[in-house]
Amino acid sequence: MSVKISASAGYLPKRIVTNDELASIMETSDEWIRSHTGIKTRHFAIGENTSDMAAKVAVSLMEKAEVSPEEIDLIIVSTISPDSITPSTAALVQGKTGCVNAFAYDISAACAGFVFALSTAEKFIRCGQYEKAIVISAETNSKMMDFKDRTSAVFFGDGAAGVLLESSQNPEDESFIAEELHAKGNGKVIHSGRIEPIQAISAENYPKMDAFYQDGRSVYNFVTDEITVHMCEFLKKEGLKPEDLDLVITHQANLRLIENIAKALNLSLEKFQINVQTAGNTSSVGIPLALSEALAQGKRPKRCLLTGFGAGLAYGSLLLRF
């Protein structure tokens with residue numbers, strides 16, 4: 001049994017937010033944001049929620065793969081900004097797209113979410129019981145932001161992207177080469193939507209949720225000290241060197257981090273697919289969005305490395321071929 005990626009698609013909301021617009025509501029500037037992050041613009045979902053964007057991607061994937069909604073067996077949505085804690089965003093996508101035969105659930109692994117979700121769906125297809133799966137990352141980060149926190153709010157944007165997986169009896173269709181996933185339990189470096197337990201039984205109790213927060217310096221150190229080592233060791237286990245890769249897609253945290261990763265791997269930025277300058281940090285969406293852009297540009301890499309990292313701390317890599 002082979003598992004192939006038969007379609008990819010992405011979606012960005014129409015509303016483009018510039019650095020200057022953010023500077024009008026918080027103490028920052030276009031020059032500071034560009035110099036520190038490389039981000040010029042991002043998209044905000046005004047009046048759209050996470051399931052709305054994810055459903056648009058699902059429809060696009062089925063159209064590209066020429067698959068009917070009734071043929072889909074599984075929908076997994078990676079998100080840290082769901083419509084609600086329950087029901088799952090994936091269940092809402094199932095209802096909005098008419099995939100009546102699909103079971104659906106969410107995965108929360110922050111910016112590593114697409115890598116984790118894609119790995120999970122691949123196992124369902126490979127077991128032979130299911131034939132077609134949709135994997136989507138979708139984030140409405142804007143609704144989780146504290147726009148007084150300039151250290152976080154300037155980074156993030158909204159969007160959705162994903163792939164459609166199918167089973168195949170042809171070994172040449174195989175898209176998956178290798179994987180390695182990790183978690184390093186730490187709830188302090190990055191967190192969003194924390195809900196505190198009640199301290200007493202009272203009619204005044206009402207659930208409250210906090211805004212997104214990240215310790216930028218700790219994130220930077222985590223990526224530069226550990227993620228690049230993970231990437232090199234993962235490739236070494238597969239008998240590969242960084243220069244053997246045709247395409248590298250990492251979490252689109254910010255341009256400076258991606259530049260540091262490229263330097264650590266001794267690779268040209270030309271080998272990286274990057275969208276953070278115009279889409280911002282879209283959390284788990286950055287990797288599948290970049291993948292859909294690369295495939296739309298006609299790239300068909302024989303060795304494509306996807307590496308995600310984020311809150312959890314969760315991180316991991318997938319080696320794919322197209």
Side-chain angles (χ1 to χ4, degrees), residues 5-16 42-111 113-118 120-122 124-125 129-145 156-167 192-193 209 279 282-293 295-296:
I5 296 175
S6 56
S8 65
Y11 171 80
L12 292 171
K14 292 181 180 179
R15 181 69 159 84
I16 297 174
R42 74 284 293 146
H43 296 248
F44 280 2
I46 308 299
E48 285 182 292
N49 215 333
T50 307
S51 67
D52 299 317
M53 295 187 291
K56 290 176 181 177
V57 170
V59 170
S60 180
L61 289 170
M62 290 185 285
E63 290 176 348
K64 289 183 177 182
E66 298 182 343
V67 169
S68 69
E70 293 80 10
E71 293 179 83
I72 302 299
D73 299 306
L74 165 65
I75 299 172
I76 299 178
V77 172
S78 159
T79 185
I80 55 169
S81 52
D83 288 28
S84 56
I85 294 175
T86 191
S88 71
T89 299
L92 298 178
V93 172
Q94 190 251 31
K96 290 179 179 182
T97 56
C99 297
V100 294
N101 296 315
F103 67 103
Y105 63 93
D106 293 352
I107 281 181
S108 176
C111 305
F114 180 73
V115 172
F116 279 45
L118 187 57
T120 303
E122 177 258 331
F124 275 108
I125 300 299
Q129 187 172 349
Y130 310 99
E131 295 185 357
K132 295 177 175 61
I134 287 175
V135 179
I136 298 172
S137 288
E139 304 287 6
T140 314
N141 289 309
S142 58
K143 70 181 181 181
M144 302 303 298
M145 290 297 117
F156 290 90
D158 304 338
V163 297
L164 192 148
L165 303 182
E166 296 188 60
S167 63
S192 182
M209 183 179 293
T282 50
S283 300
S284 65
V285 178
I287 289 177
L289 184 63
L291 178 61
S292 69
E293 291 167 347
L295 297 178

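Residues Ile72 and Gln94 are not in side-chain contact: their nearest non-hydrogen atoms beyond the backbone lie 4.5 Å or more apart. Looking only at side-chain heavy atoms (C-beta outward), Asp52 and Lys96 come within less than 4.5 Å of each other. Put simply, the side chain of Asn141 does not reach to within 4.5 Å of the side chain of Phe44, judged on heavy atoms. Contact of the Thr282 side chain with the Phe156 side chain is not registered, since no non-hydrogen atoms from C-beta on lie closer than 4.5 Å. Residues Lys143 and Asn49 meet the side-chain proximity criterion, which asks for heavy atoms closer than 4.5 Å. With a 4.5 Å cut-off on side-chain heavy atoms, Leu118 and Leu165 count as touching.
In terms of modelled atom types and a separation under 3.5 Å, the side chain of Ser60 and the main chain of Lys56 share no donor-acceptor contact. Although no hydrogens or angles enter the test, the distance criterion places no donor-acceptor pair under 3.5 Å between the side chain of Thr140 and the main chain of Ser142.
Ser137 and Pro288 make their closest contact through CB-CG, 3.9 Å (heavy atoms, listed as atom of the first residue, atom of the second, distance). Scanning all heavy atoms of the two residues, the minimum distance from Ser283 to Cys111 falls at CA-SG, 3.6 Å. Considering all non-hydrogen atoms of both residues, Ser192 and Met144 come closest at OG-CE, 3.4 Å. Between Leu61 and Ala9, the closest heavy-atom pair is CD2-N, 3.5 Å. The shortest heavy-atom contact between Pro69 and Thr97 is CB-O, 3.5 Å. When all heavy atoms are compared, the tightest approach of Gly159 to Pro13 is CA-CD, 4.0 Å.
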Q. So Thr79 and Met53, side-chain contact (heavy atoms from CB on, under 4.5 Å) or not? Walk me through it.
A. CA-CA 12 Å; Thr79 185; Met53 295 187 291; over 6 Å; no

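Annotation: the span from Ile80 atom CD1 to Ile107 atom CD1 amounts to 14.0 Å, rounded to 0.5 Å. Taking CG from Leu12 and CG from Asp158, the interatomic distance works out to 9.5 Å, rounded to the nearest 0.5 Å. Note that the CG atom of Leu164 and the CD1 atom of Ile5 stand 10.0 Å from one another [nearest 0.5 Å]. The line from CG of Asn101 to CG of Asp73 is 7.5 Å long, rounded to the nearest 0.5 Å. Atoms CD1 and OG1, on Ile75 and Thr89 in that order, are 11.5 Å from each other to the nearest 0.5 Å. From Ile76, atom CD1 reaches atom OG of Ser88 across 11.0 Å, with rounding to the nearest 0.5 Å.
For the side-chain hydrogen bond (donor to acceptor under 3.5 Å, both in side chains) test, residues two or more places apart in sequence or in another chain that qualify with Ser6 are Glu166. Among residues two or more places apart in sequence or in another chain, the ring pair (Phe, Tyr, Trp, His ring centres under 6.0 Å) test is passed with Tyr11 by none. Applying the ring pair (Phe, Tyr, Trp, His ring centres under 6.0 Å) test to Phe103 and every residue at least two apart in sequence or in another chain returns Phe124, Tyr130.
Inspection of the Glu139 and Ser81 side chains reveals an N or O donor paired with an N or O acceptor under 3.5 Å. Looking only at atom types and distance, the side chain of Ser78 has a donor-acceptor partner in the side chain of Ser284 under 3.5 Å away.
Shown here is Ile46, whose CD1 atom has more than 12 heavy atoms of other residues, nucleotides or ligands within 6.0 Å.
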